[in-house]
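Structure first, then comments.
The model shown is predicted, which means the values in this text are computed figures rather than measured ones. Within every chain, numbering begins at 1; the chains are lettered A, B, ... in the order of the sequence lines, protein sequences first and strands thereafter.
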Protein chains: 2
Amino acid sequence: MNSVNLKRLAQELNLSIATVSRALQDSYEVSAHTKERVKALAAELNYEPNAYASSLRRNISKTIGVVIPEVNNHFFSLAINGIEEVARQSGYHVLIYLTHEDYDREVAITQYLTGGRVDGILMSVASETQEFGHLLKLQATKPAIVFFDRVCDSIATAQVTTNDFESGFQATEHLIQAGCRHIAHLLVSGNLSIGRMRMQGYQAALQQYGLPFDEALVLDGNGNDEQNTALITALLTARPEVDGIFASVERLAISSYHACNGLGRAIPEQVKIISFSNLGVAALLDPALTTITQPAYEIGREAAKILLRAIEKKKPILPTQSLVLKSELFERRSTAK
Amino acid sequence: MNSVNLKRLAQELNLSIATVSRALQDSYEVSAHTKERVKALAAELNYEPNAYASSLRRNISKTIGVVIPEVNNHFFSLAINGIEEVARQSGYHVLIYLTHEDYDREVAITQYLTGGRVDGILMSVASETQEFGHLLKLQATKPAIVFFDRVCDSIATAQVTTNDFESGFQATEHLIQAGCRHIAHLLVSGNLSIGRMRMQGYQAALQQYGLPFDEALVLDGNGNDEQNTALITALLTARPEVDGIFASVERLAISSYHACNGLGRAIPEQVKIISFSNLGVAALLDPALTTITQPAYEIGREAAKILLRAIEKKKPILPTQSLVLKSELFERRSTAK
DNA sequence: TTTATCTACGCAAACGTTTGCAGTCAATTG
DNA sequence: CAATTGACTGCAAACGTTTGCGTAGATAAA
């Protein structure tokens, strides 16, 4: 154990603990001379304040929690980058919790977080989550919450999202203009607002171009890639007329590639694919994948900024602080005519 | 602020704080009846112990810190998955710190961590790091440390690594057997042991097959993808005879693809590429990338297990607990004859 | 009965920090 | 000279939890 604490410094300098504490905080109540002495010794002994004592006393932890479904996903890892960047600049620490899309884990995690461990929370809801009681409970306690991407509308707070309806529309329209007439929609979060928005965009585009909406062409995936590939294979087999796939999540696009390869369906000649994705190597795939790319890094940054600003000003976060960023469509060979 | 604390519970139940605390810990000193009453009220009021008070008193934080260069990298994100998995099972929380391969950030982070914020640390050293004074300082304070992948040999503790020398040899041999005679080696951590091991494997293979070692064919990359692509392009232009690339890091393989595409060099006909990588879509690239794949998830799990075991038993971690896992070579079209 | 043992609970200190308040000493003012 | 001010510093409480020790009452043993 590290026993370099204020008491130790105070003893060695023949000062009181209070003065040492104030000196290290550059309080105006301490003479320049004393400050120097204190700081010199602190540096020499490599003093680092005990975070827990400080947090306990000040009721501030300088820590934020990030609750996300998974980290092995380009969207979330880029978002974490943005979050960590902002947090570090403001001297905040980042606790990471993964739900693995599992509702029970999400509940357990939010329960932990009511313990005052964090000053604020950035969260992207698990796809399985359908009830929000745990989030309401969480909000009832101290920490401020900002949702990003997978938001929860039942909680009155700020959200950072992208223009999902438009993007869903745009993606579908892109496939239609490339000649697709039987477009499947693969998603993973049908019960979350983000999933609904994209789905509505998909439906709106179909309607605008006079194509029927066929519920059987909507596939609900999960976190298991093998299962997803099997589901997609089954769909393509059952409905051989499918000539376009709009994937709402990166992993479903990958599974679609595998399914098409397995069935010998040529991309883009027989099936065109477009997907929400932050895959850096999308352009190097065979064929290069057309993507709707969300500004993941910026989303992380902006969400963290809103959160930290609220924490520092001790003001509640208002829904009016919500932000909607724009995704971008990158046309590549997987949707070529 | 959440004011449901032991005091509150004690008052409502007409018990002392001590008894309430003990009841919640299932202490044998409390009657079954009282335990029930306490737990019932705790559940009703959604009591969650204050983590900071508890940590301060017990000098245990139930938190580990993970210090890695970046998260937007399949190796590290898979490793985090493994770490988080093990930590969660044991009731530990995970603080994430990113160095962005920057030495100064690494120093600042290790300084934070001397403050007793964490019980243990899992670390993969930044490629820039050449001095280890900050790590020695860190080790002098409480927290246990386990290194994984990018290890530091100067610190006496356990490491979880892969068979890097063998893999470097194997990768190079694979290229030679595929017909390459002028093999470039791209790396990012030449001054770290991991980089040296792979490099030695590379050199050993060259020697065994009677090929000369040409220092000009060794390229030291960094964290900037555009710069790396430019460097590789320059190398391929200056040395048009290069017919094989052995990349020590995923991002350098990606940059190699871009460089080759830019120069119109055909993969694998003119240049064959093999890389250390955990890229899930390696098989879907154009052409599919031959990889040496490290068991990233297991590395994370094993490192976390060693760390947590040591923390729980309060025993120091010995270098003899180090683990070497095996990487696997996946042959794909990027190295086809 | 006395003594010992056991059960169930409370008192109070301790963890290391922050901070309101009070105090000391010297310098300044009336 | 007394009174006031201001610059520094110290005392001690507080944050919420854990835990060594003490104790009251009950039961068992002597």
Side-chain angles (χ1 to χ4, degrees), chain A residues 1-39 41-42 45-63 91 112 114-119 141-142, chain B residues 1-39 41-42 45-63 91 112 114-119 141-142:
Chain A
M1 187 185 110
N2 189 358
S3 59
V4 181
N5 50 25
L6 290 182
K7 194 170 165 189
R8 165 93 180 275
L9 293 181
Q11 279 172 350
E12 304 221 358
L13 292 167
N14 262 328
L15 287 171
S16 73
I17 293 179
T19 304
V20 175
S21 173
R22 276 188 267 254
L24 291 172
Q25 299 177 71
D26 257 336
S27 162
Y28 66 96
E29 294 184 282
V30 176
S31 71
H33 175 64
T34 306
K35 277 185 195 173
E36 266 182 44
R37 285 178 63 217
V38 171
K39 287 182 183 175
L41 186 67
L45 297 183
N46 200 29
Y47 168 75
E48 180 75 20
N50 181 299
Y52 294 108
S54 174
S55 294
L56 176 61
R57 173 62 224 243
R58 312 208 346 218
N59 198 28
I60 276 175
S61 66
K62 280 272 179 186
T63 303
Y112 286 145
T114 61
R117 196 179 284 268
V118 297
D119 296 335
T141 64
K142 192 180 75 173
Chain B
M1 185 186 112
N2 189 358
S3 59
V4 181
N5 50 25
L6 290 183
K7 194 170 165 189
R8 165 94 180 275
L9 293 181
Q11 281 173 347
E12 304 220 357
L13 292 167
N14 262 327
L15 288 170
S16 74
I17 292 178
T19 302
V20 174
S21 173
R22 276 190 264 253
L24 291 172
Q25 299 178 69
D26 258 335
S27 163
Y28 67 95
E29 292 186 281
V30 176
S31 72
H33 175 66
T34 307
K35 277 184 194 171
E36 266 182 43
R37 284 178 64 216
V38 171
K39 287 181 182 175
L41 186 67
L45 298 183
N46 200 31
Y47 169 74
E48 180 75 19
N50 181 300
Y52 295 108
S54 175
S55 294
L56 175 61
R57 173 59 222 244
R58 310 211 342 215
N59 199 27
I60 276 177
S61 66
K62 281 273 177 184
T63 303
Y112 286 147
T114 61
R117 197 180 283 270
V118 297
D119 297 334
T141 65
K142 192 180 73 171

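Here A/Arg22 pairs with A/Glu29 under the salt bridge (Lys or Arg N to Asp or Glu O under 4.0 Å) rule; sequence neighbours left out. With sequence neighbours excluded, no residue satisfies salt bridge (Lys or Arg N to Asp or Glu O under 4.0 Å) with A/Lys7. Judged as a side chain to side chain contact (heavy atoms under 4.5 Å, CB included), and not counting sequence neighbours, the contacts of B/Thr63 are A/Tyr52, A/Leu95, A/Arg117, B/Ser61, B/His93, B/Leu95, B/Val118. A search for side chain to side chain contact (heavy atoms under 4.5 Å, CB included) contacts involving B/Asn14 returns nothing, not counting sequence neighbours. Under the side chain to side chain donor-acceptor pair (under 3.5 Å) criterion, A/Ser21 pairs with A/Gln25, sequence neighbours left out. Scored by the side chain to side chain contact (heavy atoms under 4.5 Å, CB included) test, B/Thr34 finds B/Leu15, B/Thr19, B/Val30, B/Ser31, B/Val38 as partners (sequence neighbours excluded). In this view, B/Leu41 and B/Leu9, B/Glu12, B/Leu13, B/Glu44, B/Leu45 satisfy the side chain to side chain contact (heavy atoms under 4.5 Å, CB included) rule, not counting sequence neighbours.
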So which protein nitrogen or oxygen atoms get under 3.5 Å of nucleotides 5-9 of chain D's nitrogens or oxygens?
unit_1	atom_1	unit_2	atom_2	d
D/dT9	OP1	A/Thr34	OG1	2.8
D/dT9	OP2	A/Ser31	N	3.2
D/dT9	OP2	A/Ser31	OG	3.3
D/dT9	OP2	A/Thr34	OG1	3.1
D/dT9	O4	A/Glu29	OE2	3.4

Contact list (N/O, under 3.5 angstrom) for nucleotides 12-14 of chain D vs protein:
unit_1	atom_1	unit_2	atom_2	d
D/dA14	N3	A/Arg57	NH1	3.2

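Between the CD atom of A/Glu48 and the P atom of C/dT17 there is a distance of 10 Å, given to the nearest Å. Rounded to whole angstrom, the span from the CZ atom of B/Arg37 across to the P atom of C/dA8 amounts to 14 Å. Atom CG in A/Leu6 sits roughly 13 Å away from atom P in D/dG10 (whole-Å rounding). Rounded to an integer number of Å, the gap from NZ of A/Lys62 to C1' of C/dT17 is 16 Å. Straight-line distance from the CD atom of B/Gln25 to the C1' atom of D/dT17: 9 Å, rounded to whole Å. When rounded to the nearest whole Å, the span between CG of B/Asn50 and C1' of D/dC15 equals 8 Å. Atom CG in B/Leu13 sits roughly 11 Å away from atom P in C/dC9 (whole-Å rounding). Between B/Leu56 atom CG and C/dT17 atom C1' there is a gap of 8 Å when expressed in whole angstrom units.
Of all nucleotides listed (C/dG16, D/dT19, D/dT17), C/dG16 comes nearest to the side chain of A/Asn5. Considering only side-chain atoms of B/Ser21, the nucleotide from D/dT19, D/dG16, C/dT17 that sits closest is D/dT19.
Contact of the B/Val20 side chain with the B/Gln11 side chain is not registered, since no non-hydrogen atoms from C-beta on lie closer than 4.5 Å. Proximity of A/Asn5 to A/Asn50: side-chain heavy atoms (C-beta onward) are nowhere separated by under 4.5 Å.
Residue A/Tyr47 places no side-chain N or O under 4.0 Å from the OP1 or OP2 atom of C/dG16.
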